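For the single chain, residues carry numbers from 1 onward in sequence order. What you see is a predicted model, and the numbers here were worked out from it, not measured in a lab.
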Amino acid sequence: MSDDRNTALHETDTATIPVERRRRTGGRGAERIRKPSGTKYLNLVNNLARTELLSPGALDDIHEASLTILEEIGMDIILPEARERMKAAGADVTPGKDRVRFDRNMITELIASVPSTFTLHARNPLRNVQIGGRNLVFAQVASAPFVADREGGRRAGNQEDFRKLIKLAQSYDVIHMTGGYPVEPIDIHASVRHLDCLSDIVKLTDKAFHCYSLGRQRNLDAIEIARIGRGISTGQMEREPSLFTVINSSSPLRLDGPMLQGIIEMSSRGQVVIVTPFTLAGAMAPVTIAGALVQQNAEALCGIAFTQMVRKGAPVMYGGFTSNVDMKTGAPAFGTPEYMKAVIAGGQLARRYGIPYRTSNTNASNTLDAQAAYESALSLWALTQGGGNFVLHAAGWSEGGLTASFEKFILDVDMLQMVAEFLTPLDVSSEALALDAVRDVGPGGHYFGTAHTLARYETAFYSPILSDWRNHETWTEAGRPTTYDHANRIFKETLAHYERPPLDPAIEEELDAFVVKRKKEGGVPTDF
């Protein structure tokens, strides 16, 4: 609607309607009580036509340029064991050097063995998620060093807030997985932090989860915790992926030791690896989006190919995270037109290879404001049109990923549910076409009291979590609450009503015993 049209309607409302009629009542007169969503958002499918940003020729150009990088320039591989495995697979490895080069045909052959779809298993089978194809999975914000809410402000990550964010993730079905640690709880020593955090995740949620690849022992502990949580054997665990890790290349063109070790430990045991280059155009990647995509693709293909060297057919995702920086300050920018282009083009590349595609719901705002909403909305639009399969940081990401925000979590959940509703196929059954209702009402009537409306009014439309549809007068009488106010109230109400999902006492006992044992052994070595 144009500004002129809005102005005309406003003038009509205030100038020609008698004063006693301006105070509207009825459905907009009070804040609505919103019912829980139930389980309607567990398995989302995106059947929309994908946006094709790149022509077939341009897609080929990016693909070939990436292979040229791997063939001529190569990657620095900072782990001797990984270089040995690559050499055995036919890569060009010079003894005593980190640089490894890869024949393009070898890369093409290796990535062909990646499964196009797979199931990631949770301890509650109802929470299993299908990865790849047209499936769409949302995971909570991960790895933020800070946490924030309106009362407490921005503060360092801690165990109490970590647990609260995990509980929020459990409370909404549209959050299919917990991601990594939503905030890093630095009040737990790093040597045992993974034990406490992953144990909490198993107890407080029944959804699939993530482990950090920060050394071999952390991977092994996480795999064992996931196995215990599901109550299955090691063999079944290898057949049924139940844990995922994110492998970030150290852009440009480098994979470091912990990341490579993580691929070895996870892929060799059939667990899920998401290879995600962190390519910010103008900083760690060329300033052009096309150049950044070429580098992203080269780094992603290298990591993905390595998973197949470790174990042919190991489940893996193609991660796209290319965005740009603010060229005035060097700060990362998200939810930008450049990010949208990179997300959509990344989806085309992933589909070209038949590999599930990971993206993110991003923004760079420092608070819950219009910037936070529109940058996230643009991110969600791009990843939906671009065919994203797995969305990390889907809820709670703020300040470019530095802060996990309780209020932003609620805003994001609302937007994710709106995306899910939008993706629901339009019902065009004979009942939905409503010819009988139109016949009953005829010209000049209304549909409020028809049998057709009364049978459907409670579920006919999506009921937003945060939108305040009261009229101006009633909203003013209520104190003019903002979206920030509503989100603050709702996250607290949600936590107050949280219920811990059932866990077999024998499993919990085994889990606790494992954590105690590993703590007595010292957890993992640290330098402090």
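Of the possible donor and acceptor atoms, none in the side chain of N363 sits under 3.5 Å from a partner among the backbone N and O of A372. Listed for the N135 side chain is a donor-acceptor partner under 3.5 Å among the backbone atoms of G132. Judged by distance alone, with hydrogens and angles left aside, the side-chain atoms of N46 form a donor-acceptor pair with the main-chain N or O of T384 at under 3.5 Å. At least one donor-acceptor pair under 3.5 Å links the side chain of Q308 to the backbone N or O of G313. Judged by distance alone, the side chain of T307 and the main-chain N or O of I304 form a donor-acceptor pair under 3.5 Å. Using modelled atom types, no side-chain atom of E184 and backbone atom of F146 make a donor-acceptor pair closer than 3.5 Å. A distance-only check finds a donor-acceptor pair linking the side chain of T424 to the backbone of A420 [under 3.5 Å]. Panel note: side chain R480, backbone W475; no donor-acceptor pair is recorded below 3.5 Å. At least one donor-acceptor pair under 3.5 Å links the side chain of R50 to the backbone N or O of L48. Side-chain atoms of S365 come within 3.5 Å of backbone N or O of T367 as a donor-acceptor pair.
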Side-chain donor-acceptor contacts of residues 272-293 below 3.5 Å, not counting sequence neighbours, with atom names and distances?
{"residue": "T276", "atom": "OG1", "partner": "R358", "partner atom": "NH1", "Å": "3.1"}
{"residue": "T279", "atom": "OG1", "partner": "T322", "partner atom": "OG1", "Å": "2.6"}
{"residue": "T288", "atom": "OG1", "partner": "G291", "partner atom": "N", "Å": "3.2"}

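The closest side-chain donor-acceptor pair between R104 and T68 falls under 3.5 angstrom. Under 3.5 Å, the side chains of S251 and E299 contain a donor-acceptor pair of N or O atoms. At a cut-off of 3.5 Å, with distance as the only test, a side-chain donor of N297 or Y318 sits close to an acceptor on the other residue. In this model, no donor atom of one side chain and acceptor atom of the other lie less than 3.5 Å apart for T108 and N105. Side-chain atoms of Q170 and D206 form a donor-acceptor pair, as typed in the model, at a separation below 3.5 Å. Side-chain atoms of E265 and Q261 form a donor-acceptor pair, as typed in the model, at a separation below 3.5 Å. Side-chain atoms of T178 and Q140 include no donor-acceptor pair closer than 3.5 Å. With 3.5 Å as the limit, one finds a donor-acceptor pair spanning the side chains of Y462 and D414. There is a side-chain donor-acceptor pair under 3.5 Å between N219 and S213. Side-chain atoms of D187 and Q159 form no donor-acceptor pair, as typed in the model, at a separation below 3.5 Å.
Distance CD1/I247 to OG/S249: 10.0 Å, rounded to 0.5 Å. Taking CG of L383 as the reference point, atom OG1 of T359 lies at 4.0 Å (rounded to 0.5 Å). In this structure, the separation between OG on S171 and NE2 on H497 is 10.5 Å, given to the nearest 0.5 Å. In this structure, the separation between CZ on R127 and CG on N43 is 10.5 Å, given to the nearest 0.5 Å. Interatomic distance, D173 CG to L416 CG, rounded to the nearest 0.5 Å: 12.5 Å. Taking CD1 from I263 and CE from M309, the interatomic distance works out to 10.0 Å, rounded to the nearest 0.5 Å.
For F162, the ring pair (Phe, Tyr, Trp, His ring centres under 6.0 Å) test picks out Y181, with sequence neighbours left out. For R352, the side-chain contact (heavy atoms from CB on, under 4.5 Å) partners at least two apart in sequence or on another chain are L59, D60, H63. The ring pair (Phe, Tyr, Trp, His ring centres under 6.0 Å) test applied to H121 returns no partner, not counting sequence neighbours. Not a single ring pair (Phe, Tyr, Trp, His ring centres under 6.0 Å) links H194 to another residue, sequence neighbours left out. The side-chain hydrogen bond (donor to acceptor under 3.5 Å, both in side chains) search around D161 returns R155, N158, not counting sequence neighbours. Looking at residues two or more places apart in sequence or on another chain, you find no side-chain hydrogen bond (donor to acceptor under 3.5 Å, both in side chains) involving R254. Partners of A382 by side-chain contact (heavy atoms from CB on, under 4.5 Å), not counting sequence neighbours, listed by chain and number: M340, V343, I344. Shown here are the ring pair (Phe, Tyr, Trp, His ring centres under 6.0 Å) partners of F138, two or more places apart in sequence or in another chain: H176. Looking at residues two or more places apart in sequence or on another chain, you find a side-chain contact (heavy atoms from CB on, under 4.5 Å) between N389 and P356, Y357.
When side chains are defined from C-beta on, I201 does not count as touching K207, because their heavy atoms never get closer than 4.5 Å. Side-chain contact between L423 and V419 is present, with heavy atoms from C-beta onward closer than 4.5 Å. Residues S323 and T336 meet the side-chain proximity criterion, which asks for heavy atoms closer than 4.5 Å. Looking only at side-chain heavy atoms (C-beta outward), R163 and L204 come within less than 4.5 Å of each other. Annotation: side chain of H486 is not in contact with side chain of I410 (no heavy-atom distance under 4.5 Å). Contact of the D256 side chain with the L79 side chain is not registered, since no non-hydrogen atoms from C-beta on lie closer than 4.5 Å. Inter-residue side-chain proximity for I465 and Y172 is flagged as met; some heavy-atom pair is nearer than 4.5 Å. Under the 4.5 Å side-chain criterion, counting only non-hydrogen atoms from C-beta, Y484 is in contact with R150.
The heavy-atom pair separating M75 from L253 by the smallest distance is SD-CA, 3.4 Å.
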Quick one, K408 with S376, criterion side-chain hydrogen bond (donor to acceptor under 3.5 Å, both in side chains). Give me CA distance, side-chain angles, the key distance, then yes/no. CA-CA 10 Å; K408 182 60 163 55; S376 287; 2.8 Å; yes
I'd like to know whether Q371 forms a side-chain hydrogen bond (donor to acceptor under 3.5 Å, both in side chains) with N366, so could you lay out the CA-CA distance, the side-chain angles of the two residues, the decisive distance to 0.1 Å, and finally the verdict. CA-CA 9 Å; Q371 178 186 341; N366 291 295; over 6 Å; no
Assess whether salt bridge (charged side-chain N to carboxylate O under 4.0 Å, His left out) is satisfied between E407 and R489, documenting all intermediate values. CA-CA 9 Å; E407 288 89 358; R489 170 179 53 82; over 6 Å; no
Run the side-chain contact (heavy atoms from CB on, under 4.5 Å) test on L255 and C302 for me, step by step, so that the C-alpha distance in whole Å, both residues' side-chain angles and the decisive distance to 0.1 Å come before the verdict. CA-CA 9 Å; L255 278 165; C302 176; 4.1 Å; yes
Run the side-chain contact (heavy atoms from CB on, under 4.5 Å) check on Y353 and L301 step by step: do they pass? CA-CA 10 Å; Y353 307 126; L301 291 182; 3.7 Å; yes
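Remark: D468 engages R470 in a salt bridge, criterion side-chain N to carboxylate O under 4.0 Å.
Residue pairs meeting the ring pair (Phe, Tyr, Trp, His ring centres under 6.0 Å) criterion with at least one partner in residues 372-391, sequence neighbours excluded, are F244-F390. Residues in residues 324-352 take part in these ring pair (Phe, Tyr, Trp, His ring centres under 6.0 Å) pairs, two or more places apart or across chains: F321-F334, F334-W397.
Residues Y212 and H210 bring their aromatic ring centres within 6.0 Å.
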